[in-house]
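Heads up, the thing below is written out as structure tokens.
Counting from 1, the numbers follow the sequence of the chain as shown. Everything numeric here is computed off the predicted structure, so don't read it as measured data.
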Amino acid sequence: HVQLVESGGGSVQAGGSMRIPCLASGATHMSTFCRGWFRQAPGKEREAVAQINRATGEQYYADSVKGRFVIAADNAKNQVELQLNSLKPEDTAMYYCAASFYRACYSDLAPWRFDYWGQGTQVTVS
């Protein structure tokens with residue numbers, strides 16, 4: 001049984017930085033093809049933020065975070081993290097990590113490729 005657990009969320013002032021890791025447990029004999037981050041603000045639809053391919057390390061970002069956020073994966077630890085820099089109030093949302101065991105990521109950042117999702121961690125920017 002695969003579990004994804006996010007941590008590291010909290011409150012930060014605009015312009016600040018934050019790092020949110022996501023650890024995968026269970027089914028460690030399987031390798032993920034793609035790991036990703038999504039977010040959802042109150043009253044808004046879920047939005048893809050960033051994704052990274054395990055095999056190539058290739059990264060994809062939403063235009064709204066490009067140049068400010070960085071996704072990184074530590075395959076040995078089954079961990080992916082999102083570094084959030086130059087945060088803005090509009091970045092306030094619940095952030096979810098996701099993993100795909102069967103499909104690689106592509107630049108369309110589509111959520112349907114993902115098989116497992118974490119419970120989310122709240123990021124609040126004021």
Side-chain angles (χ1 to χ4, degrees):
H1 178 64
V2 176
Q3 282 190 313
L4 304 179
V5 180
E6 306 94 339
S7 60
S11 298
V12 66
Q13 290 189 336
S17 297
M18 181 180 290
R19 183 179 67 90
I20 49 176
C22 173
L23 184 64
S25 63
T28 54
H29 60 285
M30 299 171 62
S31 297
T32 54
F33 278 75
C34 172
R35 299 289 296 271
W37 286 94
F38 294 78
R39 67 185 182 186
Q40 188 166 21
K44 294 188 176 181
E45 293 187 354
R46 181 179 57 188
E47 173 190 21
V49 176
Q51 297 176 15
I52 184 168
N53 268 320
R54 177 190 177 95
T56 64
E58 192 165 7
Q59 302 158 33
Y60 305 97
Y61 296 93
D63 289 341
S64 58
V65 306
K66 201 171 293 182
R68 299 189 298 123
F69 291 8
V70 179
I71 186 171
D74 185 334
N75 295 327
K77 295 181 180 178
N78 277 327
Q79 179 168 294
V80 65
E81 66 176 39
L82 188 67
Q83 177 69 39
L84 300 79
N85 301 315
S86 301
L87 281 161
K88 305 175 182 179
E90 51 263 44
D91 294 318
T92 295
M94 186 73 79
Y95 283 72
Y96 300 90
C97 72
S100 170
F101 285 91
Y102 305 104
R103 306 171 190 88
C105 313
Y106 290 93
S107 58
D108 62 0
L109 300 172
W112 60 263
R113 296 191 176 92
F114 293 87
D115 310 294
Y116 295 94
W117 296 79
Q119 293 298 307
T121 186
Q122 178 67 38
V123 173
T124 301
V125 185
S126 58

Between [X] and [Y], which heavy-atom pair has the shortest distance, and what is it?
| X | Y | value |
| --- | --- | --- |
| P111 | R46 | CB-NH2, 3.7 Å |
| N53 | C34 | OD1-CB, 4.0 Å |
| A62 | L109 | N-CD1, 3.6 Å |
| P89 | A14 | CD-CB, 4.1 Å |
| R39 | S64 | NH2-OG, 3.5 Å |
| G120 | M94 | C-SD, 3.7 Å |

Any side-chain heavy-atom pair of [X] and [Y] under 4.5 Å:
| X | Y | result |
| --- | --- | --- |
| I20 | L84 | yes |
| Y61 | I52 | no |
| Y95 | M18 | no |
| Q83 | S17 | yes |
| R103 | D115 | yes |

Side-chain heavy atoms under 4.5 angstrom apart, residues restricted to Ile, Leu, Val, Met, Phe, Trp, Tyr: same cluster for [X] and [Y]?
| X | Y | answer |
| --- | --- | --- |
| V70 | L87 | yes |
| F69 | I71 | yes |
| V65 | V80 | yes |

Go through the steps to decide whether E6 and W37 satisfy the test side-chain contact (heavy atoms from CB on, under 4.5 Å), and finish with yes or no.
CA-CA 10 Å; E6 306 94 339; W37 286 94; 3.8 Å; yes
Approximate separation, where rounding is to 0.5 Å, of [X] [atom1] and [Y] [atom2]:
| X | Y | atom1 | atom2 | answer |
| --- | --- | --- | --- | --- |
| C22 | Q119 | SG | CD | 11.0 Å |
| R35 | Q51 | CZ | CD | 11.5 Å |
| F101 | R54 | CZ | CZ | 9.5 Å |

Before you tell me yes or no, could you show the steps for R113 and Y106 under side-chain contact (heavy atoms from CB on, under 4.5 Å), namely the whole-Å CA-CA distance, both residues' side-chain angles and the distance that decides it to 0.1 Å?
CA-CA 10 Å; R113 296 191 176 92; Y106 290 93; 3.5 Å; yes
Main-chain N/O of V125 paired with T92 side-chain donor or acceptor, under 3.5 Å:
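Yes, because the side chain of T92 sits within donor-acceptor range (under 3.5 Å) of the backbone of V125.
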Q3 (side chain) donor-acceptor with S25 (main chain) under 3.5 angstrom
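Side chain of Q3 to backbone of S25, a donor-acceptor pair under 3.5 Å: no, none is there.
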Walk me through whether W117 and F38 qualify under ring-ring contact (aromatic ring centres under 6.0 Å, His included).
CA-CA 10 Å; W117 296 79; F38 294 78; 4.8 Å; yes
Does atom CD of E90 have more than 12 heavy-atom neighbours from other groups under 6.0 Å away?
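Counting other residues, nucleotides and ligands, CD of E90 exceeds 12 neighbours.
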Around atom CD of Q122, are there more than 12 heavy atoms of other residues, nucleotides or ligands at under 6.0 Å?
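Above 12, so yes.
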Would you mind checking if K66 and D63 are paired as a salt bridge, meaning a charged N to carboxylate O distance below 4.0 Å?
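Judged by the 4.0 Å cut-off on N to carboxylate O distance, D63 and K66 do form a salt bridge.
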